[in-house]
Structure formats: C-alpha cells, structure tokens
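As structure tokens, the structure follows; a few thoughts come after it.
Throughout, protein chains are lettered first and strands after them, A, B, ... in sequence-line order, and every chain is numbered starting at 1.
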Number of protein chains: 2
Amino acid sequence: MSVGIRDVARAAGVSTATVSRALGRGPVSDALREQVEAAVRATGYRPNLSARRLRSQSTQTIGLIVADIRNPFFTAVSRAVEDAAYQAGMRVILCNTDEDPTREAMYLRLMQEERVTGVIFAPTRATAKELRAAEIDFPVVFIDRAGPPGAHDSVVLDNAAAAAALVDHLVEQGFRRIGGLFGSTSSTAQERRAGYEAAMARHGLAPAGRAVLPNAAAAEAEATRWLGEPGRPEALVLSNGLILMGALRAARARALPVPGALALAGFDNEPWTDLVDPGLTVIEQPVAEIGAQAMRLLFDRLKAPDQPVRKVVLSGRPVLRGSTRRASPGPDRA
Amino acid sequence: MSVGIRDVARAAGVSTATVSRALGRGPVSDALREQVEAAVRATGYRPNLSARRLRSQSTQTIGLIVADIRNPFFTAVSRAVEDAAYQAGMRVILCNTDEDPTREAMYLRLMQEERVTGVIFAPTRATAKELRAAEIDFPVVFIDRAGPPGAHDSVVLDNAAAAAALVDHLVEQGFRRIGGLFGSTSSTAQERRAGYEAAMARHGLAPAGRAVLPNAAAAEAEATRWLGEPGRPEALVLSNGLILMGALRAARARALPVPGALALAGFDNEPWTDLVDPGLTVIEQPVAEIGAQAMRLLFDRLKAPDQPVRKVVLSGRPVLRGSTRRASPGPDRA
DNA sequence: GTGGCCACTGAAAACGTTTTCAGTATTTGT
DNA sequence: ACAAATACTGAAAACGTTTTCAGTGGCCAC
C-alpha cells in the first residue's frame, strides 16, 4: 500500500538503516546518499512521523493552551508561537479552554498522552496555583499569566505598572471617579486590578473595581448595569480588549458620550481601537514578542532542564487616544 | 522510566492485550476490567498516542490550512473546526500559509507525513487548481474557496450573490460610481468580483474593480491611491474584512466623510464593524456553520470515500448600516 | 455425555521507523 | 608494514501499542 522505508531501501539497494541515516544526519557516503535520494524521489516516499516519534521518543510537538483563540491577543500570540515552532521543525497542538479548569485539566492530560516536548499555557488562576511541576513530564511555560513564583517559567506583562499608567493618565486628565472592570479568572487581571488600586490609593482616590467573566458580553452587561447606578464612574479602566469592547458598547447603550461623560482606557491595541470615535486609549502588549519569548524560554528549558526558573516581564506601551481626553479644562491643579 | 501498558498489565495480573481491550472497546469481563482500571489508577498510566497511531494506522488528526489565523474569519472558522474535532476525539494541526503557494505545498507534504485523517484547506487559486485528488492520500475539504468542480468537497459562500446584493443595495441608495477592491489570491475574491461586475452590468453601470493582496496594509495603500485619482469612486465594495478595514483607513486618511463622500460595503461582520461611525454595511458569513459543515463533509467523506463530490453553498446575510446610507435624497426614480 | 458455540484471554506478530551493535574496508600513525 | 583509528554499512533490536491467532473453559442443545 503506502511506501515505507523498506521500499526505498530495496529501490536503492541498501539497508533501511542507511536510508534512515541518509535522510537524517547519520554518516553516509555521498554515493549512497545520492542513491537514496534518487530512490526517495522514485518511490515518492514520505516518512511516517508517528513511527519516527515512537522510535525516537521525541515528538517534536508542543502544546499551546489558551482561553480562546478568538481573543485577538491569543490569536496574535499563537501565530507567533506557531511561526517559531514550525521554523524549529515542531508542530503545535492548539487547545481552547474557555477559562474552564476542567477543560484545562483535560487538555493537560491530553498533552501527557501526546508526549509533547513542552507546553505553552495561559492558565486560569485555579490551575496556575495547583499545577506542580512534579505532576507533569514536560516543561511548561506560562504565558500572559503567572503562577506561584519559582514553579514554572513565564512571560508576562508588567501588569501592575501598566494599569497604574492608565490611572495616572486618567488622573492627569482630570478624572477622579475612576472605576475598573477586571477579568475574574486570570492572575493577570488580578495584577492589573492591584496596580489600579495601588495607583488610586497613591492619588488619594477611592478604588472601585469589579470583576467579570473576561468576555465582551459579560463585560457589556455589567458595565451597562454599573453605568445606570447613581454615582457611576466618570472613567473606566478595562483589563483586556474584550472587556474594553463591552464597556464601549455599554457607553453607547447608555448614550454616554466618550470621553465627555465617560472616559475609557483599556488593554490590547487591537486594530479597531483607533477606528472608533474617539480612538481608545490602550496599553499595547508586545504580542509577537510574548510568543517568541515563550518559545525561547521553552527551548532553553529543554536544553537545560535544571536551570533556575525564569520570569520574563515585558512592558506595555501606552497608546494615548481620544477616549481619555481631559474632561474639563482641568483647573484643580492646586 | 515512563509507565507503559506492560506495567499496567503486570500490576493487574493480566496480559497487555487485555489492558488494551479494557481501555478500548474489546470484550473484557467486568472483573478484569475493574482490575485494569484500578491498575491504571495505581500506576498513573497514560497511553502513548504515537504508539497507538502507529499500530492502529489511524492518527485521528486533521490538518487545518488557512491563510492567516489572524484574519478574524479564519479565527472563527478554526475555533468551530477545533471544537468539532476535539468533540470527535481528533486533534487539529493548524498551518498558516500567508497565501503563499510554496508554503501550501510544504504544509500539504507535512500532512502526508503526519498521515492525517483529512485536511480542511483554504487554498490560493494557484494551488486549488492543481491539487488533484490522486496526489494525496487523504480527503481534502476546501473551505471558503473552491477548486475546479468535482475535485474536492467544499463549503463556500454564495459569493457572487452576496457581492451583487451589496451592489444592488448601493445602487438603490443612489450610488452610481461604484468601485470594487478584491483580493488577488483566492477564487472567492474572484467570484465576488464577478458578482460585482455582473450586478454593475445589470444596472447599466461601468464596473471598476481592482485587485490587491488581501491584507489591510495593501488595501489601504491601493485605496488611498485610488481615492486621490480624478473620477474616484463614490462607493466601494470590499471583498473581505481586512480589505474593508484598509479602505476605511484610506477614507480617513483622505478625510473623506463616510458615506457622504464615500460609501463602504464589505464582507465579514466582525465585532468592530458596528462600533465605528458610521457602522459598516457588510455581508455576514456564517463562520461557525462553515467550520461545522466542513467537519461534517470530512467525516462523511471518510465514512463513504466514493460518494460523489459535494459542494455546500451557504448564503451571506446582508447587514445594512450607515456606511451605505443614501448619498442624496435619491430623486432620480424616473 | 458430547459437539458446538460463545465469551473471554494471552502469546506473539505487527505497525514503520531509529538506534545499537558488530562488522568491513579504508585510512592514519609510527 | 602493521596496529589502531576512522568511516561507513547492514542485521537486528527496540519503541509502546493494537490486533491476530489460537486457545481455554463454560454452557447449551441434542
């Protein structure tokens, strides 16, 4: 049926071992190597990767486990990861957890069965906390979100600083009643909330943070509710692109002019954020860099399994747009 | 080192064959099945999928080859495909071709080596044309784009009708000098262009279509150039979401009010298209349905390899928004 | 009581490679 | 010129499963 290495060996008049070596990097004379290559062309041979993986005990496969590939942040990161992986001759298995710890556990088990070389993982807080390196047979690099210090390599944003930068900017623009809407499932959202609260405190303002499921629908619902309450915030900090979108929809639904009645500042410099009117002030994350760094951490870990755990912290870049423009001429400098 | 089926067999006091059957669906007595399950728990056994695939000659893996996962259309489709695949106990290998036939060929070869069960593929025109079923060992379902009739199963939009609907709408709104910007690499963009030209002809209008690489940057550059020319169009039809975004940026760059000086109508009802001002008129594609249908076609084909080739044609849903609102009070009804 | 069937089980082969091991021919060192 | 190292090669083992094949024992029908 399918042509195997035996057929190539027969066609080339050599042993299967020689064919294997000619295709790999074993020592083979130039003459035989050419014979083998000719035989490969003649037979149309394609190696069977399942067999190769089994015998060589090296799957050349990495798992990429994220919340939802439809979140543009993860889309971009995944593209970067895949590019790096294919370039290194590895495959990627992509899994969407929808922020569900049960599915996370299921996919981690699947990764075990796949005998993956390593995993890049954006875990929920629940899983990040309990995932001990001892339970799994492959290195894990946390991405976007970190676990307890020292457990796994990770590449994250300086979330607290980024959130604080947004608050500082809002305060500087004259806003005072600044609320925050943060994802409920990730450590990253928590850090952003902490950064927000610290900055508010530093300015002598009362923080008002709320947690929502990190998707646009939940964020819109919560924001719409909030904006209907008395004493509603005059500015909002939103902990990711989906929540930012939800908040913008809520402002539209409540017919609140931005930034006149409500200023918005969020995360993720998605392509549409400068197309809306006004443009949205956001923290731009270095998405490609995050993916590439994660792969680098993973490769380094594979090369040196016992080196100390590393945490790469990248900085966000504030992109200031109209959604946070000064509310009033800002007189209260005294 | 790692615990294998032999260890489980030893722990359970049975043969490896019995373990395999107990875990699969072979006939095993209840007593032994329980022993095996206990042994699995005790040893922490996880089957090795590489070995399983090799022996069973069934990889339970499908390839998904698209232009770029960062195109929201493909993002959404891929999520649907992956959900269906995992639900059926299959893995997905995702590949980005960037519309490059060389990369397409490379990934198709990779799919051969993976011995995938099937492939879902959004090919460039070049590859779609030359990909004969004889050359490959697995069924292929074309998605979003079709090849020559009868070669492969496919699920596509009724592109010509959708593009014509946009033209009809624009004409009805009083626009006459309607241009079109279409992707240069896919059969789908070509069909949309054909639909556009047919509709223009039907209305007695002169078509003015141009082709660009289907990405936002290229589209913006071309549109900006076009809008600077004398006799520039007063409306544009854009063949996908990226090109639509590029055109909107071009309008902004040229400071042309939409729809006052330029109406825009495009494809892909992405979340941001109703957040910009004015909202963008688009054809909404049933993205989840496309992914699900592709999987269904693939499974059907696997069950009945010799059934006639099928082509599923889905309809787009026009979503009319402000970007195509009547230019003038539309007096010329006579 | 015996033949036949059924339900279950284990030994061993098989999947398609890579890798080990042992060997041969050739080259190098002295 | 000879020992030793080097460069290459093939036979066979190994990777961890599933599947085939050949039972074994129990049960039923006669």
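Looking at T59(A), its side chain does come within 3.5 Å of a backbone N or O of R115(A) through a donor-acceptor pair. Remark: the backbone N or O of T75(B) is not paired with any side-chain donor or acceptor of R70(B) at under 3.5 angstrom. Of the possible polar contacts, none joining the D83(B) side chain to the A80(B) backbone as a donor-acceptor pair under 3.5 Å is found. Under the 3.5 Å distance criterion, the side-chain polar atoms of S50(B) are left unmatched by any main-chain donor or acceptor of S50(A). T61(A) places no side-chain N or O within 3.5 Å of a backbone atom of R91(A) that could act as its donor or acceptor partner.
Applying the salt bridge (charged side-chain N to carboxylate O under 4.0 Å, His left out) criterion to R55(B), with sequence neighbours excluded, gives no partner residue. Take Y86(B) and apply the ring pair (Phe, Tyr, Trp, His ring centres under 6.0 Å) test, not counting sequence neighbours, and it matches Y107(A). Looking at residues two or more places apart in sequence or on another chain, you find no salt bridge (charged side-chain N to carboxylate O under 4.0 Å, His left out) involving R125(B). With sequence neighbours excluded, no residue forms a ring pair (Phe, Tyr, Trp, His ring centres under 6.0 Å) with F138(B). Every salt bridge (charged side-chain N to carboxylate O under 4.0 Å, His left out) that R310(A) has, sequence neighbours left out, goes to D300(A). Every residue was checked against the salt bridge (charged side-chain N to carboxylate O under 4.0 Å, His left out) condition with D144(A), not counting sequence neighbours, and none meets it.
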Pairs under 3.5 angstrom, nitrogen or oxygen only, protein versus nucleotides 22-28 of chain C, please.
none

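A heavy-atom distance below 4.5 Å is found between the side chains of V66(B) and N96(B). In this structure, F74(B) and D68(B) have side chains that are not in contact, with every pair of non-hydrogen atoms separated by 4.5 Å or more.
For residues 94-107 of chain B, every residue pair satisfying the salt bridge (Lys or Arg N to Asp or Glu O under 4.0 Å) rule, not counting sequence neighbours, is listed here: R79(A)-D98(B), D98(B)-R103(B), E99(B)-R145(B).
Remark on DNA chain C: of its neighbouring residues A17(A) and S15(B), the 5'-side contact belongs to S15(B), judged by nearest-heavy-atom nucleotide. Along DNA chain C, the nucleotide nearest to Q57(B) and the one nearest to R33(B) differ in position, and the one closer to the 5' end is contacted by R33(B).
DNA chain D is contacted by no residue of residues 34-44 of chain A, taking any non-hydrogen atom closer than 4.0 Å. Using a 4.0 Å cut-off on heavy atoms, the residues of residues 18-32 of chain A that approach DNA chain C are S20(A), R21(A), listed by number.
Nucleotides of DNA chain D lying under 4.0 Å from heavy atoms of chain B occupy a range whose first and last members, 5' to 3', are dG16(D) to dT20(D).
Under the 30°/60° scheme for interplanar angles, the aromatic rings of F142(A) and F121(A) are found to stand perpendicular.
For the helix from dG1(C)-dC30(D) to dT30(C)-dA1(D), the angle separating the two terminal helix axes comes to 30°, with each axis derived from five pairs and the value rounded to 10°.
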